[in-house]
Student: 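One structure follows; several queries about it will come next.
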Amino acid sequence: MTLRIGNASGFYGDRFDAMREMLTGGDLDVLTGDYLAELTMLILGRDRLKDPGAGYARTFVRQLEDCLGLAHERGVKIVSNAGGLNPAGLADAVRALAHRLGIPVRVAHVEGDDLTAAHPHSLAAHAYLGGFGIAACLRAGADIVVTGRVTDAALVTGPAAAHFGWRQTDHDRLAGAVVAGHVLECGAQTTGGNYAFFRDGDIRRPGFPLAELHEDGSCVITKHPGTGGFVDIGTVTAQLLYETAGARYAGPDVTARLDTVRLGQDGPDRVRIEGVRGQAPPPTLKVGLNRLGGFRNEVVFVLTGLDIEAKAALVREQMEPALGKAADVRWELVRTDRPDAPTEETASALLRLVVRDPDQEVVGRALSGAAVELALASYPGFHVLAPPGKGSPYGVFEEVYVPRGAVDHVAVLHDGRRVPVPPAQHTAVLDVVPEPPLPEPLPPGPTRRAPLGLVAGARSGDKGGNANVGVWARTDDAWRWLAHDLTADRFRKLIPESRPLNVTRHVLPDLRALNFVVEGILGAGVADRHRFDPQAKALGEWLRSRHLDIPEALL
């Protein structure tokens, strides 16, 4: 029997109407929503400092106010990690909403991920739990299950394990569900959103994806009929490469072997995923630690017309006395200006100053006052994009690992019973996967200097302070060239800021893909805002715009 699992949220702030669209657009058994990310946990942690009853995604409750009756009428279970730092509080809020609306639903939640007490210097410390707590809630009859920090894929492995009766040792089946969950978790990124070849379809308002999951762990990724966007092997490949690394995709339920994934077009807007193999999960659980790192301020000076470099040098020299006490000072000149420009904006460059320090006063009034005082006493045409503020806190993310026994994973059923969820008994330490053989290289022939993106797609993202860039070819011949030409050294040459960093290349032949992990390029994580693109969302598109000598036969 097929289990139809849909997704209605890829992050906290995703399209509000998606829940209603998914409930009314076609048949579903389960509707999931992913609201958590590393940055979200920090935001919720700061919310909880102001109000101990906060800490969960409030938009989820507002969405349910509009859709709870629909879900109940259609018999759709709802599973979401919107509980954030306070799943019990969200469960109570949903019960209160259901009582007020007169809708008889059974609400359960999962807890045990909160390890903040064991990490007293953290604002929030949460272990990534698997899906068997969700499964226990559903097996006991819950209509709605809310969780804290579970893996994104657990929103699918939990309902699948409950529906098909899977056990913790059903590694291949669980691995298939993990892959399905990873494809669904970012919502419209699977239906054409943020896709390298976005012009292949109409993505003005892409629909959200769903998986038709089978008992053996295979699935078909699709979307409701008549919704926007498109689903093809490319969109699924892009999402498979997003925020992953090598052949092993480790999680609390299972380690999925991404090098065994087979994709096939199963009809319009239908991609079949099969052949996924799984291995025992690792003996430890990942814990995400979020803490406040200090305070940050930013000023962007606008430099217009002639003598851009000299103007930048002048304002840097003038600001220097106010920056002497700051722990970290970064200047970046962005040359957006053009010669003989037809508009003032295109005649202007941006000089960006970012300052960090543990003391808010150092990056606040002292910096702001120094910048404002230059208004009539600096380079010609002086102005800034926005007045500098008083400095705002920034976060630092790091990951640590704890033994599974250090976490009390508990399913709190709709009737209040607390059911412990035992950790996996069969675990395996991750070992290195030998690099697979490369395809035969293309025969020699004429080449042309051209952008990589003419023959390859890319999708990039963040994992703590690291970034990953997945690159895939659309044809076998393009793969034969890509696998040999785009080495880690070539990547470093194309992305200069990666040159001093450790860059690891992983090869996934069945996906015709390479996955590069760039360690430390994002500093202390997204909340640190270490670089212009703090989550590396566009790093892949920058790579695609770089020019190489590409065989003319591929162009």
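Note that the structure is predicted; figures quoted are calculated from it, not measured.
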Student: Holding to side chain to side chain donor-acceptor pair (under 3.5 Å), I want the full list of residues that pass it with R335, two or more places apart in sequence or in another chain.
Tutor: E309, D337
Student: So do the side chains of I144 and K77 get within less than 4.5 Å of each other, counting heavy atoms only?
Tutor: no
Student: Measure across G6 and L28 and return the closest heavy-atom pair with its distance rounded to 0.1 Å.
Tutor: N-CD2, 3.7 Å
Student: Decide yes or no on side chain to side chain contact (heavy atoms under 4.5 Å, CB included) for L438 and H484, but give the supporting numbers first.
Tutor: CA-CA 8 Å; L438 298 181; H484 290 275; 3.9 Å; yes
Student: F491 versus V469: any side-chain heavy-atom pair under 4.5 Å?
Tutor: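 They are in contact (side-chain heavy atoms under 4.5 Å apart), so the answer is yes.
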Student: For the atom pair CG (D143) and CG (L138), what is the distance rounded to the nearest 0.5 Å?
Tutor: 9.0 Å
Student: Restricting to non-hydrogen atoms, name the atom on I5 and the atom on P159 that form the minimum distance, rounded to 0.1 Å.
Tutor: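 Closest approach of I5 to P159, heavy atoms only: CD1-CB, 4.2 Å.
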Student: Would you mind checking if D485 and R490 are paired as a salt bridge, meaning a charged N to carboxylate O distance below 4.0 Å?
Tutor: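 A salt bridge is present here (some side-chain N lies under 4.0 Å from a carboxylate O).
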Student: Tell me, please, whether Y128 has K286 positioned over its six-membered ring: NZ or CZ under 6.0 Å from the ring centre and within 45 degrees of its axis?
Tutor: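 Relative to the ring axis of Y128, which defines the angle, K286 lies inside both limits.
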Student: List the atom of P281, the atom of A424, and the distance in Å for their closest heavy-atom pair.
Tutor: CG-CB, 4.0 Å
Student: Please round to the nearest 0.5 Å and tell me the distance separating atom OG of S9 and atom CD of Q63.
Tutor: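 Going from OG on S9 over to CD on Q63, the span is 6.5 Å.
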Student: Which is it for W472 and L511 under the side chain to side chain contact (heavy atoms under 4.5 Å, CB included) test, yes or no, and what are the steps along the way?
Tutor: CA-CA 7 Å; W472 76 95; L511 298 178; over 6 Å; no
Student: Should Y56 and L44 be marked as a side chain to side chain contact (heavy atoms under 4.5 Å, CB included) after you check the CA-CA gap, both sets of side-chain angles, and the distance that decides it?
Tutor: CA-CA 7 Å; Y56 57 80; L44 295 177; 5.8 Å; no
Student: Verify the neighbour count for atom CZ of R277: are there more than 12 heavy atoms of other residues, nucleotides or ligands below 6.0 Å?
Tutor: no
Student: My understanding is that only one of D34, T40, T151 makes a side-chain hydrogen bond (donor to acceptor under 3.5 Å, both in side chains) with N81; could you say which?
Tutor: D34
Student: For D489 and T487, does a side-chain donor sit closer than 3.5 Å to a side-chain acceptor?
Tutor: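 Their side chains do not contain a donor-acceptor pair, so the 3.5 Å distance test is not met.
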Student: Could I get the full list of salt bridge (Lys or Arg N to Asp or Glu O under 4.0 Å) partners for D533, not counting sequence neighbours?
Tutor: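 Salt bridge (Lys or Arg N to Asp or Glu O under 4.0 Å) check on D533 returns R531.
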Student: For V61 and L90: C-alpha separation, side-chain torsions, deciding distance, then whether side chain to side chain contact (heavy atoms under 4.5 Å, CB included) applies.
Tutor: CA-CA 8 Å; V61 181; L90 177 56; 3.5 Å; yes
Student: Is the side chain of R139 donor-acceptor paired with the backbone N or O of A161 at a distance under 3.5 Å, no angle test?
Tutor: yes
Student: Which is it for T157 and D253 under the side chain to side chain donor-acceptor pair (under 3.5 Å) test, yes or no, and what are the steps along the way?
Tutor: CA-CA 8 Å; T157 62; D253 292 323; 3.0 Å; yes
Student: On a heavy-atom basis, which atom in P252 and which in L285 lie closest, and how many Å separate them?
Tutor: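 That would be CB-CD2, 3.6 Å.
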Student: Would you call R248-D259 a salt bridge at under 4.0 Å N-O?
Tutor: no
Student: To the nearest 0.5 Å, what is the distance between CD on E38 and NE2 on H126?
Tutor: 13.5 Å
Student: Please examine the side chains of V156 and V178, heavy atoms only from C-beta on, and report whether any two atoms are closer than 4.5 Å.
Tutor: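 Heavy-atom side-chain distance check fails, nothing below 4.5 Å.
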Student: Quick check: do D172 and D216 have side-chain heavy atoms less than 4.5 Å from each other?
Tutor: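 Not in contact.
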Student: Hey, what do you get for CD (Q168) to CZ (F132), rounding to the nearest 0.5 Å?
Tutor: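 Here the rounded value is 5.0 Å.
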Student: With under 30° as parallel and over 60° as perpendicular, where do the rings of Y195 and F230 fit, or are they tilted in between?
Tutor: perpendicular
Student: May I ask you to test the F60-I78 pair for a side-chain heavy-atom distance under 4.5 Å?
Tutor: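 The answer is yes; the side chains approach within 4.5 Å.
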Student: Scan for side chain to side chain donor-acceptor pair (under 3.5 Å) pairs involving residues 503-516, sequence neighbours excluded, and state none if there are none.
Tutor: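 Side chain to side chain donor-acceptor pair (under 3.5 Å) check on residues 503-516 returns T244-N515, N468-N515, D476-R512.
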Student: Is there a side-chain contact between R58 and Y12, using heavy atoms and a 4.5 Å cut-off?
Tutor: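 Yes, at least one pair of side-chain atoms sits under 4.5 Å.
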Student: Is there side-chain contact between V396 and N290, with at least one heavy-atom pair below 4.5 Å?
Tutor: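 Not touching, per the 4.5 Å side-chain cut-off.
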Student: Are any of the side-chain nitrogens in R480 or E440 under 4.0 Å away from the carboxylate oxygens of its partner?
Tutor: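 No.
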Student: Does anything in residues 158-178 form a ring-ring contact (aromatic ring centres under 6.0 Å, His included)? List the pairs, not counting sequence neighbours.
Tutor: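 Non-adjacent pairs meeting ring-ring contact (aromatic ring centres under 6.0 Å, His included): F164-W166.
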Student: To the nearest 0.5 Å, how far apart are CD1 in I495 and CG in L543?
Tutor: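 That separation rounds to 5.0 Å.
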Student: Measure across C137 and V110 and return the closest heavy-atom pair with its distance rounded to 0.1 Å.
Tutor: SG-CG2, 4.1 Å
Student: With rounding to the nearest 0.5 Å, note down the distance linking CG in L554 to OG1 in T475.
Tutor: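 One finds 6.0 Å between CG of L554 and OG1 of T475.
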Student: Output yes when R449 and D549 qualify as a salt bridge under the 4.0 Å nitrogen-oxygen rule, no when they do not.
Tutor: yes
Student: Looking at E65 and R62, is there a salt bridge between them, counting it only when a charged N and a carboxylate O are closer than 4.0 Å?
Tutor: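 Judged by the 4.0 Å cut-off on N to carboxylate O distance, R62 and E65 do not form a salt bridge.
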Student: Quick one: do E21 and R15 make a salt bridge, cutoff under 4.0 Å?
Tutor: yes
Student: Evaluate the side-chain proximity of V400 to L289: yes if any heavy-atom separation is below 4.5 Å, no if none is.
Tutor: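 L289 vs V400: side chains touch.
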Student: Closer than 4.0 angstrom, basic N to acidic O: yes or no for D232 and R270?
Tutor: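 No, this pair does not count.
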Student: Looking at L442 and P551, what are the two nearest heavy atoms and their distance?
Tutor: CD1-CG, 4.1 Å
Student: Between R149 and Y35, is NZ or CZ placed under 6.0 angstrom from the six-membered ring centre and within 45° of the ring axis?
Tutor: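 Geometry flag: not set, cation outside 6.0 Å or 45°.
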Student: Show me, pair by pair, the donor-acceptor contacts under 3.5 angstrom made by side chains of residues 180-191, not counting sequence neighbours?
Tutor:
unit_1: H182; atom_1: ND1; unit_2: E185; atom_2: OE1; d: 3.0
unit_1: H182; atom_1: ND1; unit_2: Y249; atom_2: OH; d: 3.4
unit_1: H182; atom_1: NE2; unit_2: Q239; atom_2: O; d: 2.9
unit_1: H182; atom_1: NE2; unit_2: L240; atom_2: O; d: 3.4
unit_1: H182; atom_1: NE2; unit_2: Y242; atom_2: O; d: 3.0
unit_1: Q189; atom_1: OE1; unit_2: N194; atom_2: ND2; d: 3.0
unit_1: Q189; atom_1: NE2; unit_2: Q239; atom_2: OE1; d: 2.8
unit_1: T190; atom_1: OG1; unit_2: V183; atom_2: O; d: 2.4
unit_1: T191; atom_1: OG1; unit_2: A188; atom_2: O; d: 3.2
unit_1: T191; atom_1: OG1; unit_2: G207; atom_2: O; d: 2.6

Student: Check residues 66-75 and write down every donor-acceptor pair under 3.5 Å in which the side-chain atom is one partner and the other belongs to a residue at least two apart or another chain.
Tutor:
unit_1: D66; atom_1: OD1; unit_2: R20; atom_2: NH2; d: 3.3
unit_1: D66; atom_1: OD2; unit_2: R20; atom_2: NE; d: 2.9
unit_1: R74; atom_1: NE; unit_2: L23; atom_2: O; d: 3.3
unit_1: R74; atom_1: NH1; unit_2: L23; atom_2: O; d: 3.2

